[in-house]
Amino acid sequence: MDFINVEKKWQKKWADSKLYSFDKSKIKDKYYVLEMFSYPSGAKLHAGHWYNYGPSDTFARFMRMNGKEVFQPMGFDAFGLPAENYAIKSGIHPQDSTLKNIATMEGQLKAMGASFDWDYEIKTCMPDYYKWTQWIFLQLYKHNLAYRKEAPVNWCPSCNTVLANEQVVDGACERCHTTVIRKNLTQWFFKITQYAEELLQGLDTIDWPEKTKAMQRNWIGKSTGGEIEFTCESGDKFSVFTTRADTVFGVSYVILAPEHPLVDKITTDEHKASIAAYKDNCAKISEIDRMSTTREKTGAFTGAYCINPVNGEKVPIWIGDYVLYSYGTGAVMGVAAHDERDYDFAKKFDLQIRRVVKSKDGGNDDLPYCDYGVICNTGTQFDGMTSEEGKVAIVKWLEEKNNGRLKTNYRLRDWLISRQRYWGAPIPIVYCDKCGEVPVPEKDLPVSLPYNVEFKPNGKSPLASCEEFMNATCPKCGGKARRDPDTMDTFVCSSWYYLRYPDAHNDKAAFDPEIVNKMLPVDKYIGGAEHACMHLLYARFFTKALRDMGYLKFDEPFKSLVHQGTILGPDGFKMSKSRGNIISPDDYVSKFGSDAFRLYLMFGFSYIEGGPWSANGMESITKFLERVERIVDRANLQNNDNQQMDAQEKALNYTRNYTIKRVSEDLGAFSFNTAVARIMEYVNELYKYDSATGDKKNASFFKACISDLVLLLAPFVPHIAEELNEKLGGKYSVFEMRYPVCDENALVKDEYELAVQINSRMKAKIIVPSDADAKEIEEIALQNTSVKSAIGDMNIVKVIVIPKRLVNVVCK
RNA sequence: GCCGAAGUGGUGGAAUUGGCAGACGCGCCGGACUCAAAAUCCGGUGAUGGCGACAUCGUGCGGGUUCAAGUCCCGCCUUCGGCACCA
């Protein structure tokens, strides 16, 4: 078969007949399959794209053949830094390069032969899309979920922009790996923390990889404990957050973050200089160094004291940079005996160490003792309580005295979305001298991104120097106003694109809730695991926020999620230009065809795992497809009218239905490699039957078996399957036929083979009737001559019979 | 340090969740067809010992539970992902 031309032929026919158009009248049977959309980079589609889109298209086609009205759209995540960086280097405008790249990628994606419905395509950089991104911003603003504040932010000096916490990896910029510095800037935030608890709880309701859910749980980082209030001698009050209130009697000092506002106020004159020096020092230390757990603890004494509310003791107040101002209250109680960090600190500065918890069983007595135990040495009613009881009881007791309360904290921070970059969606806010911060009215959207902008970096937002953009009229007072020169993080665009797809051309709204509430949630979402704590978390947040605003009626955007593995270079490393280990699919596709390439990707790897690329076996896939074609040709040659269903036909029919059953199960579970293996076995059986029966075969039965083979293969090799179906005289299209359904009756055998073990060692195989019960099986087994001789003169202790599995005879 | 995943032939990878380890491929060996080659078809292929039927060993390492462990439990090692002074 001329694979290359066959592909062209069917791609044209599919496009002409609009085979993959979503039929809205069948919305009841909708099945929304979504692959994470692509970033339109200059490079061609790489093996990773194919690995993402090929197998998931196979899945989509399988669902289609199961009678689902499959909605499988495709689009482009088109804003972003790479296009802008490329522009800085080459002088080519990001819009021009992006649109050109999109055109190229569209062609490549179509050449893959995936069943995308291109009528719903979206490109996030187009005004008809980002208009609605801005609209969503305004809704968040209206509902107090978007706010501006000055905060220390992560600044990448190379990209000249702030980064979200999620985009800082090991203290460096996720993209360019430049060390991130701290900067105080006024920036826009989305209040994702308001949904921390629900984002956590919701994980239990969705079918996602456990690993990804664990990562999100971790990222949200819930911890329950209490806030305890300490009063300074000066009368000032501050609280600490602790999860171990059971140890509060052991406080030997309290420690504030260097940035804590109280520090300057309470520091005694005598210590002013040293505290100032310490704070100065902290500001100089890089974020990575400060975060290092191995670094020796540092700190400085303020000279001030406060009162421990549980026992009235006077404790010294220190500052130290191991306390983070951004978490909890920015202040911590130091319990040297029961916390490793506090222990180190106390040892270094020679502070008191007092034990107030002992082990439950009197075992380990080393300090620091950080496990839960039993409270001791406090001389109060709490002595003898377990840590678990005590940590609640003590806080409640303090609460009565107005000195504390139960408290839950999350590590999740609000999402910083301002970017000092050009190629993104403008923030729809203007600043008026009189009225301050004013949202752009919805009727004035979009706030268009101007084309003529100097985007060479100068430490400020490129838009800031574009007067035509910056000058605006205040919607409230009509006076002069300035626009926000920043653009939104591109993750904002991708946080709602799955909502736009089903109503992609709506120019009155971001989406019609009527449609979206029927089409969503996404039934199967497929994409890389690297988005666990970014895109996948943000999208969940958007969904919940829009639900609370009344637009959506569902809680979670992606009901079921699958991560494909990564195809590594042949050297076992991640493919990258710098390593020079990139495998281009084109070489293989032009030689073997896209079907063969896709089939190879599915057969050669475990989809979830991925692995290093190796072309070993690429040829054998082509051989297999040719083998399939030959057996299809054989079916066409048969024309006798034998109708027998004898042992050989029954055996083949068994394999046929067993294959149907297993392939369907495997496809549902994204286990493509085993599904292909089952089909190969089936082909082997077809050959066996063909050669064993010669011209005496049941031709119509054989042909039916071959038809099923073509249907089974259709999702895997769509072009070839259309061609083979045509050869067999089938109607167009094979994708409008139903996937074969297993006939359970064909799987019922009269008898089956069963393994017999003697003392857990395989000794014989026996044939037993399918309906034999344990007792009958035991009799048959014990009469078997090999079994008898293996038992010899041993005594049978007991016989374990597991029908359909095995028999184990235990002897002495 | 914490969380998660993984470790199986020469090789990619299977194993119905505790039940015949190594499915299906690749590679290798052999056979058929052929004057020959290619293509194709058929068979063999974990290791060790034995002419042999067979026996022993075998899923990262060490223990354990069980009639039965790749799978469960305890203790380690290695690799890969994620988090990391979060009080």
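Chain letters run A, B, ... following the sequence lines, proteins first and then strands; every chain starts at 1.
- Annotated as anti: B:G4, whose O4'-C1'-N torsion sits more than 90° from 0.
- In summary, the aromatic rings of A:Tyr588 and A:Trp50 are positioned with their centroids too far apart to meet the 6.0 Å limit.
- Atom CD1 of A:Ile631 is separated from atom C1' of B:U40 by 13 Å (rounded to the nearest Å).
- The base of B:A87 has none of its N or O atoms less than 3.5 Å from a complementary donor or acceptor on the side chain of A:Arg244.
- Comparing the C1' positions of B:A15 and B:G70 gives an interatomic distance of 9 Å, to the nearest angstrom.
- Going from atom NZ of A:Lys765 over to atom C1' of B:C20 covers 5 Å, rounded to whole Å.
- With A:Thr212 as the fixed residue, the side-chain hydrogen bond (donor to acceptor under 3.5 Å, both in side chains) test singles out one of A:His563, A:Arg217, A:His531: A:His563.
- A straight line from OH of A:Tyr607 to C1' of B:G12 spans 18 Å, rounded to a whole angstrom.
- For the P atom pair drawn from B:G75 and B:C2, the interatomic distance equals 13 Å after rounding to whole Å.
- A distance of about 10 Å separates the C1' atoms of B:G13 and B:G22, rounded to the whole Å.
- No contact: A:Arg217 has no heavy atom under 4.0 Å from any strand.
- Between A:Phe605 atom CZ and B:C26 atom P the separation is 16 Å, expressed in whole Å.
- Taking only distance into account, the side chain of A:Lys211 never meets the base of B:C3 through a donor-acceptor pair shorter than 3.5 Å.
- Atoms CZ (A:Arg805) and P (B:U17) sit 6 Å apart, rounded to a whole Å.
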